[in-house]
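Working notes, structure below.
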Amino acid sequence: MSGDHSHSEDQVDSGSRFNSHKHKDKYKDKEHKHKDHKKDKEREKSKHGNDHKESSDKKHRDKEKLKHKDGSTDKYKDKHKEKRKEEKMKSFDGKVKKEKENGFAPPHVKSEPEENFYHSPQLEKSLKRERDDDNSEFKPKKIKIENDKKAKKRKPNEDIKSKKTKNKKGEVADGKKKAKKEPEEKWKWEEERYTDGSKWKFLEHKGPVFAPPYEPLPSNVKFYYDKHMKLSPESEEVATFFAKMLDHEYTTKDIFRKNFFKDWKKEMSSEEKAKITDLKKCNFTELSDYFKAQSEARKAMTKEDKLKIKEENERMLQEYGFCIMDNHRERIANFRIEPPGLFRGRGDHPKMGMLKRRIRPKDIIINCSDSKHPEPPPGTKWKEVRHDNKVTWLVSWTENIQGSIKYIMLNPSSRIKLQGEKDWQKYETARRLKKCVDRIRTQYREDWKSKEMRIRQRAVALYFIDKLALRAGNEKEEGETADTVGCCSVRVEHIKLYPENDGQEFVVEFDFLGKDSIRYYNKVPVEKRVFKNLQLFMENKEPDDDLFDRLNTSVLNKHLQELMDGLTAKVFRTYNASITLQQQLKALTNDENVTAKILSYNRANRAVAILCNHQRAPPKTFEKSMQNLQTKIDAKRDQLSDAKRELKSSKADAKVRRDERSKTVETKKKAVERLEDQLMKLEVQATDREENKQIALGTSKLNYLDPRISVACKKWGIPVEKIYNKTQREKFAWAIDMAEEDYEF
DNA sequence: CACGTGACTTAGGATCGGGTCC
DNA sequence: GGACCCGATCCTAAGTCACGTG
């Protein structure tokens with residue numbers, strides 16, 4: 001009874017397949033796991049150590065079958081399995097349905113607009129990532145990176161004598177197109193660089209801003225438990241957290257309610273605890289209404305009051321929002337400490353609804369120069385003040401839900417040395433991958449034939465990471481987070497194999513929840529060897545066994561490190577994202593006018609977002625706003641045809657009057673042109689928006705696309721301002737500074 | 001090597017605020 | 001001048017990956 005049959009029957013409704021499992025007994029098997037791995041390895045060695053190097057695939061398979069037979073490697077999964085089964089059963093009763101409305105339409109399957117205009121063949125192609133079918137992509141055209149002197153000059157690892165150039169990112173930031181700067185300014189963003197791993201020499205800041213203290217409710221706002229009940233401030237505060245979320249579907253979820261109630265009780269006085277025993281009987285509506293009224297009131301404030309608040313915020317920003325780091329005044333990203341509230345995990349998070357504690361000064365670690373440190377609020381103490389210049393954070397504390405550390409760090413635009421330079425290095429690494437990706441691809445294809453299971457698994461996983469831009473997929477502690485996976489942690493239940501599907505051979509269907517519980521759904525034809533390997537990996541496994549049972553991210557990354565210095569799984573995402581953008585741009589940008597070019601750019605960007613599976617929930621008002629736009633378009637059409645008619649008649653009129661150079665005709669002509677232009681813009685906008693319905697461009701734009709590619713779009717007459725807004729230009733100041741139009745990723 | 005942990009990047013949703021439309 | 005809409009910004013969760021420890 002092989003696992004893959006029992007699980008391929010599809011009665012499990014697609015929603016429930018994704019419900020996460022709260023694996024409570026996560027520790028059960030750890031020891032076994034290690035042992036088993038070790039055993040396997042020995043077995044592998046003794047079995048294959050003296051094999052002939054070129055045995056046939058089949059031979060291997062037979063041998064490897066043996067390896068699987070005893071199932072030893074997979075033992076450790078069994079416990080989880082049971083857990084998961086339980087969970088599945090649970091999810092049947094429909095408690096937890098499709099937690100992510102948005103995640104469920106695979107981007108490339110999404111119904112495409114009819115006009116072929118929408119998807120150029122190239123785009124289509126890249127969407128499906130059918131790279132392997134045409135080898136061309138494995139042989140990228142030679143690109144003279146060498147030409148890019150600047151890039152060279154500034155090899156990440158190369159030491160740069162800290163040459164003091166100008167500082168202040170101000171000029172770039174202030175929105176004015178400041179184009180070319182004088183050479184001496186050119187590399188201002190890369191001045192001091194420390195070779196000893198220090199991140200700074202001097203750091204001074206004002207410390208964090210704490211959440212405002214709790215303000216008890218006015219006495220006319222009442223909480224009811226059967227009848228009115230006055231809560232102690234502590235439990236009242238927690239009650240308000242729940243009340244504020246009453247409209248959110250979170251509060252209907254069992255886990256959320258359970259976690260909340262449990263934590264709430266901890267805050268209650270003993271009398272309260274004795275009385276309040278059932279969350280269902282709690283009536284929060286007055287509290288909820290009160291907060292709604294408050295936010296209404298805030299919206300309805302007078303201009304002056306709003307201005308006052310704005311000014312106050314600005315003052316806070318100026319006072320706390322900046323630090324001095326090595327002679328620069330740098331913007332801090334999050335100087336406000338996270339306020340207390342209820343934890344909102346994403347997806348089916350086992351901890352959703354838990355109380356996120358208020359952070360006090362004594363929870364806070366301050367990091368700064370030892371010259372002087374920020375004062376804690378009167379009457380309080382910091383947990384610690386340290387002076388660690390090997391890290392970039394200014395403030396940290398430990399959060400009580402997962403026990404992880406939270407930080408206050410700098411803004412992404414912050415110079416340069418910290419963020420900008422890191423960013424730049426990231427893309428330089430990706431460009432180095434570009435130079436050796438052929439070699440790596442050749443190698444992993446070779447490794448598909450390896451005698452060793454672990455090598456085959458590694459090679460197939462790498463193929464997916466490369467071809468599909470999957471994330472690495474670290475192991476996660478079960479029961480602590482939502483059940484999501486990445487490449488190395490994909491389970492048998494997440495893929496289906498089709499020897500033939502829709503006229504294509506060797507199709508693999510992926511269906512799993514990735515980071516943030518966003519669904520990854522994709523059907524891809526793969527090479528035969530990959531397919532056969534997958535079959536092999538799945539043999540004798542249960543649906544919830546790891547597909548790559550002899551692989552994890554650290555093994556994979558260690559291997560990658562050997563292939564290229566600095567190479568890790570995520571570099572493939574960066575590389576493939578950036579290279580895709582560059583290719584798509586070349587293919588798409590033939591249009592004459594800027595509007596069309598921007599659309600092309602967005603489409604290229606979209607191709608990347610689809611590759612990286614960056615989805616968003618379709619905006620709530622999407623349908624309506626599309627309709628509005630359509631109305632506008634129709635109106636514009638009417639206007640246009642009117643204008644055309646008028647033009648015609650005035651032409652005829654002019655003819656009659658033998659008025660060769662009629663003013664009216666000229667004006668009418670202008671009007672028609674203007675309307676045509678406007679109509680075109682609207683239509684492009686509609687196209688763009690429709691295509692973007694559930695795709696988020698921001699993430700790839702901000703994190704995966706080498707900004708220099710975008711900057712270089714000026715060669716097609718696309719100004720940076722049309723691609724990056726002000727914030728983005730700040731973040732990418734380094735790229736705007738250095739990239740020329742001939743920049744090649 | 002497994003494991004825990006710390007630092008930092010990547011991520012989508014919520015909220016804000018300024019412009020537009022009626 | 002109020003409602004609405006949308007991009008920008010804020011928020012903080014959730015990844016990746018390196019490193020230290022035993």
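Every chain is numbered from 1 and lettered A, B, ... according to where its sequence line falls, protein lines coming before strand lines. Computed from heavy atoms alone, side chains included, the values below leave out hydrogens, waters and symmetry copies. Everything quoted here is computed from the prediction, not taken from an experiment.
For the pair A:R346 and B:dA14, the criterion of a side-chain N or O lying under 4.0 Å from OP1 or OP2 is not met. Between A:H248 and B:dG13 there is no side-chain N or O to OP1 or OP2 distance below 4.0 Å. Here A:K406 reaches the OP1 or OP2 of C:dA13: one of its side-chain N or O atoms lies under 4.0 Å away. Regarding contacts with the backbone of C:dA8, a side-chain N or O of A:N725 is found under 4.0 angstrom from either OP1 or OP2. Dashed line: the shortest gap from a side-chain N or O of A:N628 to OP1 or OP2 of C:dC5 is under 4.0 Å.
A donor and an acceptor atom, one from each side chain of A:D688 and A:N602, are located under 3.5 Å apart.
Closest to the side chain of A:N703, out of B:dG12, B:dT10, B:dC8, is B:dT10. Comparing C:dC10, B:dA14, B:dG12 against the side chain of A:H614 picks out B:dG12 as the nearest. Of the candidates B:dA11, B:dT9, C:dA14, B:dT9 carries the atom nearest the A:K422 side chain, counting heavy atoms from C-beta on. Out of B:dG12, B:dG13, B:dA7, the shortest distance to the side chain of A:Y407 is found at B:dA7. When distances are taken from the side chain of A:R386 to each of B:dC1, C:dA13, B:dA7, the shortest belongs to B:dA7.
With respect to A:R386 and A:D388, no salt bridge is recorded, no charged nitrogen being found less than 4.0 Å from a carboxylate O. Salt-bridge annotation for A:E312 and A:K308: absent, with no side-chain N of the basic residue lying under 4.0 Å from a carboxylate O of the acidic one. With salt bridges taken as basic N to acidic carboxylate O contacts below 4.0 Å, none links A:K356 and A:E399. For the pair A:D677 and A:R674, the salt-bridge criterion is not met [side-chain N within less than 4.0 Å of a carboxylate O].
Taking the nucleotide of DNA chain B with the nearest heavy atom to each of A:S554 and A:S396, the more 5' of the two is matched to A:S554. Nearest-nucleotide assignment on DNA chain C puts the 5′-proximal partner with A:T621, out of A:R344 and A:T621. In terms of position along DNA chain B, the nucleotide closest to A:I405 lies nearer the 5' end than the nucleotide closest to the other residue of the pair A:I405 and A:K310.
In this pair, A:Y520 and A:F512 present their aromatic rings parallel. The plane angle is below 30°, not in the 30 to 60° band. Below 30°, between 30° and 60°, or above 60°: for A:W382 and A:F210 the angle between ring planes is below 30°, a parallel geometry.
Atoms CD (A:E480) and P (B:dT5) sit 11 Å apart, rounded to a whole Å. Between A:K244 atom NZ and C:dC11 atom C1' the separation is 15 Å, expressed in whole Å. Atom CD1 in A:I723 sits roughly 17 Å away from atom P in C:dG7 (whole-Å rounding). In this entry the distance linking CZ of A:F256 with P of C:dA13 reads 12 Å, nearest Å. In this entry the distance linking NZ of A:K299 with P of C:dA3 reads 10 Å, nearest Å. Following rounding to the nearest Å, A:N400 (CG) and C:dA13 (C1') show an atom-to-atom distance of 14 Å. Regarding A:H349, its NE2 atom lies at a distance of 17 Å from the P atom of B:dG13, rounded to whole Å. With rounding to whole Å, A:L355 atom CG is found 14 Å from C:dT12 atom P.
A cation-pi geometry, defined here as NZ or CZ lying under 6.0 Å from the six-membered ring centre and within 45° of its normal, holds between A:K253 and A:Y250.
Here A:R298 lies out of heavy-atom contact (under 4.0 Å) with every strand. At a threshold of 4.0 angstrom between heavy atoms, the contacts of A:Q402 are confined to the sugar-phosphate backbone, with no base atom among them. Heavy atoms of A:G698 sit nowhere under 4.0 angstrom from any nucleic acid atom. Among the protein residues, A:K356 comes within range of the sugar-phosphate backbone only, with heavy atoms under 4.0 Å from sugar or phosphate atoms but none that close to a base.
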The contact string for nucleotides 15-22 of chain C, one letter per nucleotide 5' to 3', using protein heavy atoms under 4.0 Å with B, S and - for base, sugar-phosphate only and none, comes out as SBBS----

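The shortest side-chain heavy-atom distance between A:Y724 and A:F732 falls under the 4.5 Å cut-off.
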